[in-house]
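Working notes for the structure below.
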Amino acid sequence: MRISVIGCGYLGAVHAASMAELGHDVVGIDVDEAKVALLGQGKAPFHEPGFEELLERNVAAGRLRFSTDFADVAGARVHFIGVGTPQQEGSYAADMSQVDGAVSALLPHLAPTPEGPPVVVGKSTVPVGTASAVAERVESRGAILVWNPEFLREGFAVQDTISPDRMVYGLSRDEQAADTGRAVLDEVYDDLINRQQIPRLLTDYATAELVKVAANSFLATKISFINAMAELCEATGADVVQLAEAIGHDDRIGKKFLRAGVGFGGGCLPKDIRAFMARAEELGVDEALGFLREVDSINDRRRDHVITLATDLLDGKVAGKQVAVLGAAFKPDTDDMRNSPALDIAARLAAKGARITVTDPQAGPILAEQDRPDLTVAGTAEEAMTGADLVLLLTEWRQFRDLDPAAVVGLPNRPVMIDGRNVLDPKQWRSAGWTYHGMGRP
Ligand code: UDX
């Protein structure tokens, strides 16, 4: 099937390559010329495991190309919209300009194909109510809208796109349009539905939009719940890692997403819960999401907690101290630094006068190219730790988790470690001569 994918960020680029991998003929559209040029040569503009191989293979096979020209979507039966919806400056609400722009640019190119009407498929995370407004616009050009939210996690984006745990189709109220939209999307995802038998739920537009933000709100709540327990553990001398393991044995609770630490970050959870609160307020049901305010505050407090702990461990005098920060990305296996707890903490300590040396296997080289006079970037953890008065592990990359405490104890000026992700073995680090501090652990 001929497919266009509008927006070639973490979501759109991976979606485009994955659709080509399923055998479709795909064009990816983005306004960023440099990004389009890279993608067209089969080179990934960001780090995502398995993505570059997928890209290279499908570009070489002639099934996948990229363009900045919207006219190149002509002839496609399906148009996916995968542009960003970041948080608006000065507000909690989502900035919808990219979605609005994509739809406006697409409209003149929507035309019936020999197989039938074109189908526009929304994948971006949007405030509830967006889909029915977009539907009106695309229907005016004879197209059908399906809302098909994306649940991919960075670091697992390829796997989550080709083999998601579920699919949701938000369909039109018009039965014929709904049938056609569903049938066309079933054909696109034939391998997922018929071979992999992945559950597929058919809903209305509003439910499909809400599924995405509800899922992210639940995940954020789970993380903030365990981080709130970490605060209790810090006040009582209890151990949140053991607590999480013990409650996680109850499968109604489950063990996943109960890792206490510096809190959640990234391009999704923080802005999605805020946009959800903003939308609820517009709808007059802000009380229903009052708890998300708490979820957000608990999350912010984790970063404050690390700054306070670091300040205490530096005897209250941060200015002029040498601090090593292991990690800059918001989580491992990505180079994404959007709303990264690690980078935020590093910048805030730098603002208090600390001399920060940060290292990150993938985000480090990007950071080094930015104009950041407050941060020095080191190539390795060992280099960053050398001469440090304090070491902070803030993104749990394997190379940091695997550090041998005995081998690196001689590098810093003072071997003091804040393990912001609770991934190091306290016993092992302490017996190697380190002063170890976890999050919510004695
Ligand atoms: C998230 C959702 O998981 C995904 O389904 C959605 O499509 C997009 O948003 P992502 O932003 O890639 O994906 O990251 P995720 O793996 O969910 O982690 C989010 C943040 O929570 C990270 O900063 C991570 O370090 C943190 N986290 C996660 C914790 O602090 N503790 C945990 O137990 C789990």
Side-chain angles (χ1 to χ4, degrees), residues 6-7 11-12 15 78-85 92-94 96 98-100 102-103 117-139 143-153 160-161 163-189 192-193 196-222 257 268-269 271-292 295:
I6 296 155
L11 158 60
H15 194 73
V78 175
H79 305 275
F80 285 101
I81 298 179
V83 293
T85 52
Y92 270 15
M96 295 300 290
Q98 294 181 44
V99 172
D100 294 341
V103 174
V119 177
V120 176
V121 184
K123 294 210 75 76
S124 305
T125 303
V126 294
V128 56
T130 303
S132 54
V134 172
E136 252 180 56
R137 299 183 70 195
V138 305
E139 281 162 11
I144 291 168
L145 182 81
V146 180
W147 209 263
N148 172 222
E150 181 58 63
F151 303 104
L152 70 81
R153 296 159 298 169
D160 285 352
T161 305
S163 228
D165 46 18
R166 81 294 207 186
M167 284 180 291
V168 176
Y169 296 4
L171 299 169
S172 168
R173 276 188 210 284
D174 177 290
E175 249 176 63
Q176 204 187 338
D179 276 352
T180 308
R182 181 197 45 72
V184 170
L185 211 49
D186 278 354
E187 203 180 323
V188 172
Y189 295 140
L192 286 69
I193 291 166
Q196 300 187 57
Q197 306 256 313
I198 289 165
R200 181 202 61 173
L201 289 97
L202 306 180
T203 71
D204 52 38
Y205 290 144
T207 306
E209 290 167 312
L210 282 172
V211 167
K212 174 62 196 264
V213 278
N216 276 358
S217 298
F218 192 85
L219 294 173
T221 304
K222 231 181 153 184
F257 267 68
C268 292
L269 298 193
K271 65 104 179 159
D272 285 353
I273 62 166
R274 290 179 177 171
F276 199 15
M277 285 188 267
R279 185 65 184 131
E281 196 171 335
E282 285 168 8
L283 293 166
V285 286
D286 45 327
E287 274 190 347
L289 298 187
F291 72 97
L292 285 182
V295 166

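Just so you know, residue 1 is the first one in the sequence shown, and it goes up from there.
Under the 3.5 Å distance criterion, the side-chain polar atoms of Lys271 are matched with a main-chain donor or acceptor of Thr85. For Lys212 (side chain) and Glu150 (main-chain N/O), a donor-acceptor pair under 3.5 Å exists by modelled atom type. Here the side chain of Ser172 pairs a donor or acceptor atom with the backbone of Asp174 at under 3.5 angstrom. For Arg200 (side chain) and Tyr169 (main-chain N/O), no donor-acceptor pair under 3.5 Å exists by modelled atom type.
The heavy-atom pair separating Val211 from Phe151 by the smallest distance is CG1-CZ, 3.6 Å. Here the closest heavy-atom approach between residue Val295 and residue Ala220 is recorded as CG1-O, 3.6 Å. Nearest heavy atom pair, residue Leu292 against residue Thr221, reads CD2-OG1, 4.0 Å. Residues Pro164 and Leu192 approach most closely at CD-CD2, 3.4 Å, considering heavy atoms.
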Show, in sequence, the C-alpha distance, side-chain angles and deciding distance for Asn148 and Tyr189, and conclude whether the side-chain contact (heavy atoms from CB on, under 4.5 Å) test is met. CA-CA 12 Å; Asn148 172 222; Tyr189 295 140; 2.6 Å; yes
Verify side-chain contact (heavy atoms from CB on, under 4.5 Å) between Val128 and Thr207, making sure each step is shown before the conclusion. CA-CA 8 Å; Val128 56; Thr207 306; over 6 Å; no
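The salt bridge (Lys or Arg N to Asp or Glu O under 4.0 Å) check on Glu209 picks up nothing, with sequence neighbours excluded. For His15, the ring-ring contact (aromatic ring centres under 6.0 Å, His included) partners are Phe80, not counting sequence neighbours. Checked against salt bridge (Lys or Arg N to Asp or Glu O under 4.0 Å), Asp204 has no partners two or more places apart in sequence or in another chain.
Of the candidates Val188, Val146, Val120, Ile144, Val188 is the only one forming a side-chain contact (heavy atoms from CB on, under 4.5 Å) with Val78.
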